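Okay, structure first, notes after.
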Amino acid sequence: MPSMASTSTFENGKRKSSDALPVPRPKLMKNDLGGSRRREIWEQRRTLPIASAAKKLVKEVENNDTLIVIGETGSGKTTQLPQFLHAAGYCKGGSMVGITQPRRVAAITVATRVSEEMGVQLSGEVGYSIRFEDATSPQTRLKFMTDGMLLREALLDPLLRKYSVIILDEAHERTVHTDVLFGLLKGVQKRRREVRADVEVDGKTEQGASMVKPLENRTQIKLDSEAHGSNGSSKSRRLKVLKVVVMSATLDAQGFCEYFDGAKAVYIQGRQHPVQIMNTYTPEADYLDAALITTLQVHLEEAPGDILVFLTGQEEIENMERLLTERAAFLPEGTPKILIAPIYAALPSEQQMRVFEPAPTGVRKVILATNIAETSLTIPGIRYVIDPGLVKAKVYNPRIGVESLAVVPISKAQAAQRSGRAGREGPGKCFRLYTVETFNKLEEATVPEIKRCNLANVVLQLKALGIDDVLGFDFMDKPSRAAIVKSLEHLYILGALTDEGKLSDPLGVQMARFPLEPVYAKAMLVSSSFRCSEEMLTTVAMLSAESIFFTPREKFKEANAARQRFTSPEGDHITLINVLRAYTQEVEGSQRIEGEVNHKKLEKKLRSWCSSNFINGRSLRRALDIRRQVRGYVEGMGLELISCGDDLNQFRRCLTASFFLNAAHKQADGKYRALSTGQTVAIHPSSVLFGKKPDCVLFNELVRTNQQYIRSLTRIDSLWLAELAPQYYSTRDLVYAARPLSQEGLLKPH
DNA sequence: GAGCACTGC
């Protein structure tokens with residue numbers, strides 16, 4: 001690895017005496033990309049807004065254990081700060097700088113860019129780690145990862161000893177994972193200080209280290225402090241305080257500063273072009289019609305440049321595409337043509353790529369997008385943004401545990417993010433289809449996800465991290481008490497928590513290890529005693545992947561016919577198992593017969609098999625990935641993987657023992673009643689049991705649209721509930737009644 | 001006879 005050593009040029013003495021960016025002049029290396037490319041990169045780095053602040057930033061990190069960095073779009077904070085810290089010695093002695101991102105793609109692209117800038121190989125000194133993919137090595141010093149991945153690491157190493165600095169990037173997005181990391185890292189900082197203080201007080205060298213178990217890390221900790229023991233007494237020879245840098249793109253830093261005990265905030269200017277904002281004078285009665293008219297108006301009156309229209313969902317995008325095509329046909333003669341490119345997450349990736357293709361000369365591209373274009377991907381060429389000010393967002397009702405999607409107004413921060421999309425390459429314009437008064441009434445920021453989701457997973461992870469008092473956890477925005485209590489109860493019923501509210505061992509401990517919804521993790525663990533763990537493995541993978549079946553509206557009948565060959569009269573779970581069994585036999589099986597597995601060929605076969613069977617290829621691939629990963633965990637725990645073969649009754653009984661909380665019973669009037677909440681529910685038309693009127697079913701999802709629907713069902717014998725979940729159901733009454741639970745122990749951990 | 005914003009382990 002010759003390239004590794006060359007980066008040590010960052011650590012030379014020159015840096016200290018100069019205000020300039022600590023970027024070494026381009027140097028030729030083996031496997032070099034070519035001198036001109038290196039010079040180009042160097043030139044780009046030098047002119048970034050953050051470059052002039054390099055020295056100051058490093059000093060701020062040195063002087064503050066927690067630092068808030070507000071960096072506007074285009075400031076270069078994400079790629080540069082990690083390199084500055086590397087150059088300043090924060091990676092010496094085996095320490096790492098960890099940088100979290102909310103999205104997988106971002107972790108990969110940023111790591112790739114930084115490795116290129118540093119002239120090192122990816123997965124060498126610079127690496128990334130995301131689910132299903134670890135591109136790091138023992139040499140890795142700058143580690144980019146998804147926020148969820150760092151959370152997983154904390155389970156194995158609660159003090160995060162490998163890290164000298166953690167940078168939480170895109171903190172303003174407030175993902176559940178980032179929010180949990182906030183509280184967690186505060187705790188780690190405190191505990192790492194305590195470990196140090198211990199040493200300083202009694203001076204006995206081994207005392208502090210005994211809190212930090214594994215032997216091999218002791219040397220590393222020592223090396224840490226030798227590397228940069230700038231602050232603190234000479235006696236502090238143990239774990240360095242963890243430096244935390246919170247990076248955000250929104251200007252409002254106050255919330256972060258307050259939460260991090262008055263942490264200092266620094267601002268870095270961005271490099272955005274001006275965007276002219278236009279609002280309507282009166283509220284629009286029909287925002288879709290307004291969006292349509294505005295799009296055509298911009299096309300007729302404005303200079304060249306592509307248009308980005310934000311819409312709420314697939315259906316709306318499809319409608320708009322149709323309307324726009326119709327109206328475009330009646331444009332005055334000589335008007336340039338338009339090219340419509342829709343994009344939303346569920347769109348097959350080949351069609352997604354169309355938004356990135358430049359329109360032919362003289363043609364204007366109109367992109368119809370969901371909020372996928374707000375942050376997740378950047379489309380080049382956009383000069384005009386049309387923003388109706390609405391978004392489809394998940395709403396969660398903790399009382400009854402129901403999720404639904406609703407169209408709601410965006411926040412001011414989201415409005416700014418949307419308009420910013422017009423100023424990436426040059427001055428732009430944003431047309432907001434709402435009045436200034438309406439804008440002023442919008443919320444400043446979107447309600448953090450942690451306040452609007454099911455917390456079962458979060459609570460389980462916190463318990464696994466040794467945080468027993470979840471209600472007292474230092475959340476930046478605390479979820480409602482009701483939501484926390486609900487998930488504590490849920491975990492207790494699943495057996496993950498003891499009567500005292502502690503994580504049960506081994507059940508709770510094992511459940512927390514799985515990258516699955518707690519109820520799926522439980523099902524996985526229960527399944528080996530029912531001798532159907534292969535089938536449950538497939539089930540939890542397929543359920544985690546969601547929407548395996550692909551039903552385009554125009555081919556509704558064909559899709560339903562294709563599904564027939566997988567359909568099981570027992571329900572959706574076994575139907576999903578049939579899909580995977582068929583795939584394995586018809587695609588992977590035939591590959592093996594032909595000899596060595598050729599991945600390209602397999603991929604091609606998967607695609608054609610999926611399209612002829614109306615299966616969503618992306619979802620199936622994801623299910624296969626999850627299946628492989630979960631299989632690894634199951635085997636790692638020493639659990640046996642057994643198939644029940646054709647004895648699927650055994651499997652249905654296992655589903656009952658696992659998903660007993662979600663049982664529904666047919667009433668005299670033919671409607672269904674969810675047993676644990678008493679709600680009236682209906683079988684979702686996407687289920688294979690729709691119209692079959694089974695007496696008793698289990699379900700995995702409860703969604704509210706026009707009415708309350710249950711999805712992913714299996715028919716069961718109602719007597720199994722009392723037999724397999726006696727702790728929850730009693731047989732005394734004709735109608736099964738859920739038993740009340742005592743909450744005392746759960747809420748006040750001993 | 002219905003509808004699935006977007007991420008993540």
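Just so you know, these numbers come straight off a predicted model, no measurement behind them. In what follows, chains carry the letters A, B, and so on, assigned in the order in which the sequence lines appear, proteins first and then strands, with residues in each chain numbered from 1.
- The nucleotide whose nearest atom lies closest to any side-chain atom of A/Arg103 is, among B/dC9, B/dC6, B/dG8, B/dG8.
- Applying the salt bridge (Lys or Arg N to Asp or Glu O under 4.0 Å) criterion to A/Glu173, with sequence neighbours excluded, gives A/Arg103.
- Along DNA chain B, the nucleotide nearest A/Thr312 and the nucleotide nearest A/Tyr633 are compared for position; the residue whose nucleotide lies closer to the 5' end is A/Thr312.
- Using the six-membered ring where Trp is involved, A/His684 and A/Tyr709 have ring planes that are perpendicular, over 60° apart on the 30 and 60° scheme.
- For the pair A/Gln510 CD and B/dC9 P, the interatomic distance rounds to 22 Å; values are reported in whole Å.
- Closest approach to the A/Met149 side chain among B/dC6, B/dC4, B/dC9 is made by B/dC9 (side chain taken as heavy atoms from C-beta onward).
- Distance from the side chain of A/Ile130 is smallest for B/dC9 among the nucleotides B/dG3, B/dC9, B/dT7.
- Among the protein residues, A/Tyr709 comes within range of the sugar-phosphate backbone only, with heavy atoms under 4.0 Å from sugar or phosphate atoms but none that close to a base.
- In this structure, the CZ atom of A/Arg418 is 10 Å from the C1' atom of B/dA5, given to the nearest Å.
- Residue A/Phe549 forms a side-chain contact (heavy atoms from CB on, under 4.5 Å) with just one option from A/Asn560, A/Asp572, A/Thr575, and that option is A/Thr575.
- Comparing atom distances between the A/Glu449 side chain and each of B/dC9, B/dT7, B/dG1 picks out B/dT7 as nearest.
- When rounded to the nearest whole Å, the span between CD of A/Gln414 and P of B/dC6 equals 13 Å.
- For A/Asn700, the side chain to side chain contact (heavy atoms under 4.5 Å, CB included) criterion is met by A/Tyr520, A/Leu543, A/His573, A/Phe659, A/Ser712, not counting sequence neighbours.
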- Could you check A/Arg563 against A/Glu558 for salt bridge (charged side-chain N to carboxylate O under 4.0 Å, His left out), going step by step and ending with a plain yes or no? CA-CA 9 Å; A/Arg563 187 183 307 188; A/Glu558 287 157 271; over 6 Å; no
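- In this structure, the OH atom of A/Tyr520 is 16 Å from the C1' atom of B/dG8, given to the nearest Å.
- An OP1 or OP2 oxygen of B/dC9 is reached within less than 4.0 angstrom by a side-chain nitrogen or oxygen of A/Arg104.
- Atom NZ of A/Lys392 is separated from atom C1' of B/dC4 by 7 Å (rounded to the nearest Å).
- Between A/Leu347 atom CG and B/dA5 atom C1' there is a gap of 14 Å when expressed in whole angstrom units.
- In this entry the distance linking CZ of A/Phe550 with C1' of B/dA2 reads 16 Å, nearest Å.
- Proximity note for A/His177 (side chain, C-beta onward) versus B/dC6, B/dG8, B/dA2: the nearest is B/dG8.
- One finds no side-chain N or O of A/Thr175 lying less than 4.0 angstrom from the OP1 or OP2 phosphate oxygen of B/dG8.
- Proximity note for A/Gln314 (side chain, C-beta onward) versus B/dC6, B/dC4, B/dG8: the nearest is B/dC4.
- The residue A/Phe514 sits apart from the nucleic acid: no heavy atom pair falls under 4.0 Å.
- Side chain of A/Thr146, nearest nucleotide from B/dG1, B/dG3, B/dG8: B/dG8.
- Smallest separation of non-hydrogen atoms from A/Ile130 and A/Met149: C-SD, 3.9 Å.
- Using a 4.0 Å cut-off, no side-chain N or O of A/Ser686 falls inside it from OP1 or OP2 of B/dG3.
- In this structure, the nucleotide among B/dC6, B/dC9, B/dA2 sitting nearest to the side chain of A/Arg131 is B/dC9.
- Taking atom CG on A/Asn371 and atom P on B/dT7, their separation rounds to 9 Å, with Å as the unit.
- Nearest to the side-chain atoms of A/Arg152 among the listed nucleotides B/dG1, B/dC9, B/dC6 stands B/dC9.
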